[in-house]
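The structure appears below as structure tokens.
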Amino acid sequence: VMERMKVSLRCRLDDSDSPPLSAQAMLRYCRDIAAGLQYLHGLKPAVAHRDLKADNVLLSSNFYYAKLSDFGTTRSLNNSGVVSTLNLLD
């Protein structure tokens with residue numbers, strides 16, 4: 001089961017019809033992004049997202065939490081620091 005998340009952080013930031021994000025919401029998004037990166041970096045082998053930007057952060061329908069997306073440029077790092085391409089379709 002996959003969760004549908006329709007709005008990127010970039011769209012929310014650029015939406016002039018919505019009120020500005022509160023400091024609390026921005027901090028919550030930063031924590032969610034950091035938790036996602038911590039998870040990726042803690043995998044064996046570690047995974048580097050390589051394209052972190054507001055367009056690649058999706059927000060829940062109620063704008064309460066954020067998740068990382070677009071793993072097209074993701075690479076894994078082995079113990080010697082060599083970067084290799086991940087096969088995400090297997």
Side-chain angles (χ1 to χ4, degrees):
V1 176
M2 294 181 108
E3 183 176 6
R4 183 173 167 91
M5 300 178 84
K6 299 186 284 186
V7 178
S8 72
L9 179 57
R10 168 59 53 215
C11 288
R12 177 61 181 87
L13 291 171
D14 291 345
D15 185 2
S16 60
D17 295 332
S18 296
L21 288 173
S22 68
Q24 182 181 11
M26 288 188 283
L27 182 59
R28 190 173 51 248
Y29 296 157
C30 288
R31 286 181 184 153
D32 291 346
I33 294 165
L37 291 174
Q38 181 179 21
Y39 173 78
L40 291 174
H41 296 170
L43 294 173
K44 301 294 181 207
V47 173
H49 188 280
R50 295 176 29 127
D51 195 21
L52 183 59
K53 57 187 176 185
D55 290 322
N56 292 338
V57 175
L58 299 181
L59 304 178
S60 62
S61 58
N62 62 359
F63 300 110
Y64 191 76
Y65 58 90
K67 292 188 178 183
L68 300 177
S69 69
D70 192 358
F71 292 88
T73 61
T74 301
R75 300 292 183 261
S76 65
L77 300 171
N78 65 22
N79 292 337
S80 63
V82 175
V83 176
S84 62
T85 303
L86 290 177
N87 187 353
L88 298 175
L89 299 178
D90 285 344

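For the single chain, residues carry numbers from 1 onward in sequence order.
- Nearest heavy-atom pair across His49 and Leu37 is CB-CD2, 4.4 Å.
- For Gln24, the side-chain contact (heavy atoms from CB on, under 4.5 Å) partners are Ser22, Arg28, not counting sequence neighbours.
- Contacts of Ser61 classified as side-chain contact (heavy atoms from CB on, under 4.5 Å), with partners at least two apart in sequence or in another chain: none.
- Shown here are the side-chain contact (heavy atoms from CB on, under 4.5 Å) partners of Cys30, two or more places apart in sequence or in another chain: there are none.
- When the salt bridge (Lys or Arg N to Asp or Glu O under 4.0 Å) test is applied to Arg10, the partners found at least two apart in sequence or on another chain are Asp14.
- Listed by chain and number, the residues in a side chain to side chain donor-acceptor pair (under 3.5 Å) with Lys53 amount to none (sequence neighbours excluded).
- Judged as a side chain to side chain donor-acceptor pair (under 3.5 Å), and not counting sequence neighbours, Asp32 has no contacts.
- For residues 4-42, there are no ring-ring contact (aromatic ring centres under 6.0 Å, His included) pairs, not counting sequence neighbours.
- The hydrophobic cluster containing Leu27, built from Ile/Leu/Val/Met/Phe/Trp/Tyr side-chain heavy atoms closer than 4.5 Å, comprises no other residue.
- For Asp15, the salt bridge (Lys or Arg N to Asp or Glu O under 4.0 Å) test picks out no residue, with sequence neighbours left out.
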(Q) Could you walk me through whether Ile33 and Leu68 satisfy the side-chain contact (heavy atoms from CB on, under 4.5 Å) test, starting with their C-alpha distance in whole Å, then the side-chain angles of each, then the deciding distance to 0.1 Å, before giving a yes or no? (A) CA-CA 7 Å; Ile33 294 165; Leu68 300 177; 4.1 Å; yes

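- Between Ala66 and Leu59 the shortest heavy-atom distance is CB-CD2, 3.8 Å.
- Every residue two or more places apart in sequence or in another chain that forms a side chain to side chain donor-acceptor pair (under 3.5 Å) with Ser60 is listed here: Asn62.
- Pairs engaging residues 60-72 under the salt bridge (charged side-chain N to carboxylate O under 4.0 Å, His left out) rule: Glu3-Lys67 [sequence neighbours left out].
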